[in-house]
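Every heavy atom of this structure was used, including side-chain atoms; hydrogens, water molecules and symmetry mates were not. We name chains A, B, ... by the order of the sequence lines, and we start the count at 1 in each one.
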Amino acid sequence: MSLEQELFEQRFARIREIAALGYRPYGQRFDFSHTLGAILASYSEKTAEELEANRVTVKVAGRIQTIRRMGKAGFTHIQQSGERLQVYIKKDAVSENEYKLWQLLDLGDIIGVEGYLFRTRTGELSVHAETVTFLSKNLMGMPEKYHGLEDVEIRYRQRYLDLIANPEVQQAFQTRAKVVRSFRRQLEERGFTEVETPMMQSLYGGAAARPFITHHNTLDIDLYLRIAPELYLKRLIAGGMERVFEINRNFRNEGVSTRHNPEFTMLEFYQSYADYRDLMQLTGDLLKQVALDATGNTVVEYQGQQLDFGNVRRYSIREAVCEYWKGPVKPSMDNVRDPEWLLAHSEKTTAGEALVDIFERHCEDALIQPTIIHEYPVEVSPLAKQNPEEPAMTDRFEVFAAGMEIGNAFTELNDPDEQRRRFEMQLSMREKGDDEAHQMDEDYIRALCYGMPPTAGEGIGIDRVTMLMTNAKSIRDVILFPLLRPEGEIGIAQWLREASAK
RNA sequence: GGGCCGGUAGCUCAGUGGUAGAGCAUCUGACUUUUAAUCAGGUGGUCGCGGGUUCGACCCCCGCCCGGCUCACCA
């Protein structure tokens with residue numbers, strides 16, 4: 001039998017001992033008077049004398065993270081929501097039963113403690129326990145107290161253990177919630193309505209990506225998990241819901257990396273009677289406020305760089321190529337307007353695709369500060385409205401920060417016949433082997449045929465924005481359960497079977 | 001999918017072609033303000049899996065599994 005299983009059985013056996021003392025090994029409701037965070041916030045400044053003069057009684061609950069037993073007394077740190085507080089348990093100060101319970105406690109058990117606040121000789125704010133109760137049993141070995149849990153595979157597979165062992169992880173996911181809350185609140189304040197549109201679609205669209213395929217049994221039809229909500233949200237715009245947004249999952253059947261997870265969360269919002277210039281302004285406002293709400297500052301440190309969300313810069317894609325060109329001789333604006341020059345500097349077959357290809361190779365990773373890049377070629381923008389002055393380009397922009405694309409916006413194409421031509425252009429690209437090219441969506445065109453108001457729309461990658469706000473190097477650090485290959489046999493049911501048979 | 005790196009005790013990590021190690025955790029004992037508590041003693045390993053080379057493999061070779069980084073693809 002492995003050490004881990006022996007430990008498991010030892011702890012399993014303690015369930016009976018705990019019950020024999022009159023406690024329920026898996027506890028019952030417990031009214032705590034303060035969260036640990038509230039105690040730390042209110043009493044961290046109080047001196048030992050102040051705490052003694054005005055005795056504060058508290059009732060707290062948490063998971064045992066450390067235990068130091070010394071003869072007839074001892075200390076334990078309990079943790080709640082990522083916050084830790086020390087508890088002092090002395091034989092004289094609790095009942096005989098409670099002291100026996102204390103001697104049975106293991107790392108990872110969850111207990112409730114009532115007592116008064118004081119400072120130890122070394123000055124740490126602590127609870128002097130007067131009563132102790134038992135709330136839940138841990139049967140597992142806990143990660144090392146000093147280093148925590150470092151194995152990234154275990155951290156992602158068993159996120160619960162990561163959250164227990166590494167309190168700062170909770171903080172990152174709190175920040176993620178703040179990001180989402182901030183976007184939602186800001187959009188609601190501006191009159192946007194939150195909606196939910198289908199995740200299972202019989203036609204997929206709104207982005208260039210390969211889909212996941214699933215099947216509905218009773219209808220006997222294959223369905224795609226959506227790659228974007230775009231076409232449904234614009235149907236709502238056509239229907240007269242003038243400002244809508246959705247924050248939800250998209251699914252793209254593509255590789256995983258530090259910046260890509262097959263399912264990821266996207267904010268998309270659409271505003272009738274606006275254009276992409278309005279959204280440039282709005283994007284700057286939204287991001288600035290998100291940074292404030294998530295981190296308390298418009299300047300955010302990311303991987304050693306200071307990102308200033310108070311000042312989102314703007315370049316046209318051509319300006320960016322001229323500015324960030326990596327070779328010794330920077331091209332001129334005339335060069336980057338010239339289809340022959342573009343095709344000579346890229347493997348792509350059209351001037352527009354070549355421009356984007358060059359931009360991605362030369363500029364994208366250099367865009368550290370939050371930056372809007374505007375004017376994208378029509379070939380790569382099948383749903384965006386053309387620029388009236390220059391039909392080869394669309395009224396579209398993307399937002400970059402830390403070398404990552406975090407947003408994409410454009411004035412929506414609302415001319416049904418032009419949309420038909422764009423879809424047909426995509427179909428011919430598909431025939432040439434581009435399996436990410438757009439499908440024809442006739443119901444969407446039909447909606448446009450009823451007349452959709454001039455509209456601007458935008459998508460913002462919530463996971464990536466959260467990476468920036470939490471200084472996360474990998475998208476997996478801001479997704480609670482990132483996609484991993486399934487693990488092998490775990491075998492814990494057998495452990496329980498054996499332990500409970502004894 | 002390609003390249004590179006990694007998988008050794010529950011956790012964090014050393015290690016060498018010749019009997020598998022440390023710290024923490026765990027167990028026993030001491031200790032009524034400790035805090036990476038301390039002190040004394042003990043338990044604990046299919047060295048990711050499967051082949052091969054060798055007198056002998058955790059170590060060398062081949063295949064596979066899982067993960068990380070990176071490139072490709074993408075947001």
Original post:
Given the rule that a pair is Watson-Crick or G-U wobble with both distances under 3.5 Å, how would you write RNA chain B in dot-bracket, using | for pairs to a different strand?
Top reply: (((((((..((((....[..)))).(((((.......))))).....(((((..]....))))))))))))....
Original post:
How would you label the contact of Arg476(A) with the nucleic acid (heavy atoms, under 4.0 Å): base, sugar-phosphate, or nothing?
Top reply: sugar-phosphate
Original post:
What interatomic distance, in whole Å, is found between P of U12(B) and the corresponding atom of G48(B)?
Top reply: 15 Å
Original post:
So what does Phe8(A) touch, heavy atoms closer than 4.0 Å: a base, only the sugar-phosphate, or nothing?
Top reply: nothing
**OP:** Quick one: pull up CG in Asp151(A) and CG in Leu149(A) and give me the separation to the nearest 0.5 Å.
**Re:** 6.5 Å
Original post:
Are OP1 or OP2 of U33(B) and a side-chain N or O of Arg68(A) less than 4.0 angstrom apart?
Top reply: no
**OP:** State, with a plain yes or no, whether a side-chain heavy atom of Gln271(A) is found less than 4.5 Å away from one of Phe192(A).
**Re:** yes
**OP:** Give the ring-plane orientation class for His128(A) versus Tyr116(A), where under 30° counts as parallel, over 60° as perpendicular and anything between as tilted.
**Re:** parallel
Original post:
So what does Asn253(A) hit on the nucleic acid, given a heavy-atom distance under 4.0 Å: a base, only sugar-phosphate, or nothing?
Top reply: nothing
Original post:
Looking across every strand, which nucleic acid part, if any, lies under 4.0 Å from Glu436(A) by heavy atom: base, sugar-phosphate, or nothing?
Top reply: sugar-phosphate
**OP:** Have a look at Gly407(A) and say if it touches a base, only the backbone sugar-phosphate, or nothing, with a 4.0 Å heavy-atom cut-off.
**Re:** nothing
Subject >> G2(B) versus U8(B) - spacing of their C1' atoms, nearest Å >> reply: 29 Å
**OP:** May I ask you to decide if Met425(A)'s main-chain N or O and Ser428(A)'s side chain share a donor-acceptor pair within less than 3.5 Å?
**Re:** yes
Subject >> Pairwise P distance, C27(B) and A37(B) [rounded to whole Å] >> reply: 16 Å
Original post:
Any Lys/Arg nitrogen of Arg14(A) or Glu9(A) sitting under 4.0 Å from an Asp/Glu carboxylate oxygen of the other?
Top reply: no
Original post:
Do the rings of Trp325(A) and His362(A) sit parallel, tilted or perpendicular, given the 30° and 60° boundaries?
Top reply: parallel
**OP:** Could you tell me whether Lys234(A) and Glu412(A) make a salt bridge, using a distance below 4.0 angstrom between a side-chain N and a carboxylate O?
**Re:** yes
Original post:
Between atom CZ in Phe75(A) and atom C1' in U32(B), what is the gap in whole Å?
Top reply: 9 Å
**OP:** Summarise protein proximity over nucleotides 38-48 of chain B in one line of letters, 5' to 3': B for base, S for sugar-phosphate only, - for none, counting protein heavy atoms closer than 4.0 Å.
**Re:** -----BS----
Subject >> Distance between P atoms of G63(B) and C4(B) (Å, rounded) >> reply: 12 Å
Original post:
U33(B), C11(B), U34(B): which one has an atom nearest the side-chain heavy atoms of Pro143(A)?
Top reply: C11(B)
**OP:** Ignoring the backbone of Gln10(A), work out which of C27(B), G68(B), C11(B) is nearest its side chain.
**Re:** C27(B)
Original post:
Nearest of U12(B), C27(B), A37(B) to any side-chain atom of Met70(A)?
Top reply: A37(B)
Original post:
C11(B) C1' sits how many Å from Asp162(A) CG, rounded?
Top reply: 13 Å
Original post:
Using atom P of each nucleotide, how far apart are G50(B) and C59(B) to the nearest Å?
Top reply: 12 Å
Original post:
Which is true for Arg252(A) with a 4.0 Å heavy-atom rule: it touches a base, it touches only sugar-phosphate, or it touches nothing?
Top reply: base
**OP:** Kindly compute the distance separating CH2 (Trp495(A)) from CD (Glu6(A)), expressed to the nearest 0.5 Å.
**Re:** 10.5 Å
Original post:
What does Arg84(A) touch in the nucleic acid at a heavy-atom separation under 4.0 angstrom: a base, only the sugar-phosphate, or nothing?
Top reply: nothing
**OP:** Using a heavy-atom cut-off of under 4.0 Å over every strand shown, decide if Leu149(A) touches base, sugar-phosphate, or nothing.
**Re:** sugar-phosphate
**OP:** Return the nearest nucleotide to the side chain of Glu144(A); candidates are C66(B), U26(B), U12(B).
**Re:** U12(B)
Original post:
Looking at U34(B), A75(B), U12(B), which one has an atom nearest to any side-chain atom of Glu405(A)?
Top reply: A75(B)
Original post:
What does Ala208(A) touch in the nucleic acid at a heavy-atom separation under 4.0 angstrom: a base, only the sugar-phosphate, or nothing?
Top reply: sugar-phosphate
Original post:
Taking the nucleotide of RNA chain B with the closest heavy atom to each, which residue, Asp151(A) or Lys72(A), is nearer the 5' end?
Top reply: Asp151(A)
**OP:** Find the distance Leu105(A):CG to A25(B):P and express it as a whole number of Å.
**Re:** 16 Å
Subject >> d(CD, Gln158(A); P, G67(B)) in whole Å >> reply: 14 Å
Original post:
What integer distance in Å separates Ile247(A):CD1 from A75(B):P?
Top reply: 20 Å
Subject >> Integer angstrom distance from the P of C39(B) to that of U34(B) >> reply: 15 Å
Original post:
Leu7(A) CG to C11(B) P: how many Å, rounded?
Top reply: 12 Å
Subject >> Flag side-chain contact, heavy atom, 4.5 Å: Glu263(A) against Phe212(A) >> reply: no
**OP:** Indicate whether Phe264(A) forms a stack on A75(B); treat it as stacked only if centroid distance is below 5.5 angstrom and interplanar angle below 30 degrees.
**Re:** yes
Original post:
At under 4.0 Å between heavy atoms, what does Gln86(A) touch on the DNA or RNA strands: base, sugar-phosphate, or nothing?
Top reply: base
**OP:** Classify the nucleic acid contact of Glu124(A) as base, sugar-phosphate or nothing, counting any heavy atom under 4.0 Å across all strands shown.
**Re:** base
Subject >> Asn97(A) side chain vs Leu21(A) backbone, donor-acceptor pair below 3.5 Å >> reply: yes
Subject >> Which atom of Asp477(A) lies closest to which atom of Phe173(A), heavy atoms considered >> reply: O-CZ, 3.5 Å
**OP:** Tell me whether the OP1 or OP2 atom of G68(B) has a side-chain N or O from Thr258(A) closer than 4.0 Å.
**Re:** no
Subject >> Of Glu360(A) and Tyr146(A), the one whose closest RNA chain B nucleotide lies more 5' >> reply: Tyr146(A)
Original post:
Arg14(A) near the nucleic acid: base, sugar-phosphate alone, or nothing, with a heavy-atom cut-off under 4.0 Å?
Top reply: sugar-phosphate
**OP:** Provide the distance between the two P atoms, one in G10(B) and one in G3(B), to the nearest whole Å.
**Re:** 33 Å
Subject >> Value in whole Å for how far the P atom of A30(B) lies from CD of Gln103(A) >> reply: 11 Å
Original post:
Just to confirm, is there a sub-4.0 Å distance from OP1 or OP2 of G67(B) to any side-chain nitrogen or oxygen of Arg485(A)?
Top reply: yes
**OP:** Give a yes or no on whether the backbone of Glu168(A) and the side-chain of Asn166(A) come within a donor-acceptor separation of less than 3.5 Å.
**Re:** no
**OP:** Between A20(B) and A9(B), how far apart are the C1' atoms? Round to whole Å, please.
**Re:** 11 Å
**OP:** Looking at every strand, decide which applies to Asp92(A) at a 4.0 Å heavy-atom threshold: base, sugar-phosphate, or nothing.
**Re:** base
Original post:
Taking the six-membered ring of Tyr376(A) as reference, does the NZ or CZ atom of Arg396(A) fall below 6.0 Å from its centre and within a 45° cone about the axis?
Top reply: yes
Subject >> Rounded distance (Å) that lies between atom P of C73(B) and atom CD of Glu254(A) >> reply: 11 Å
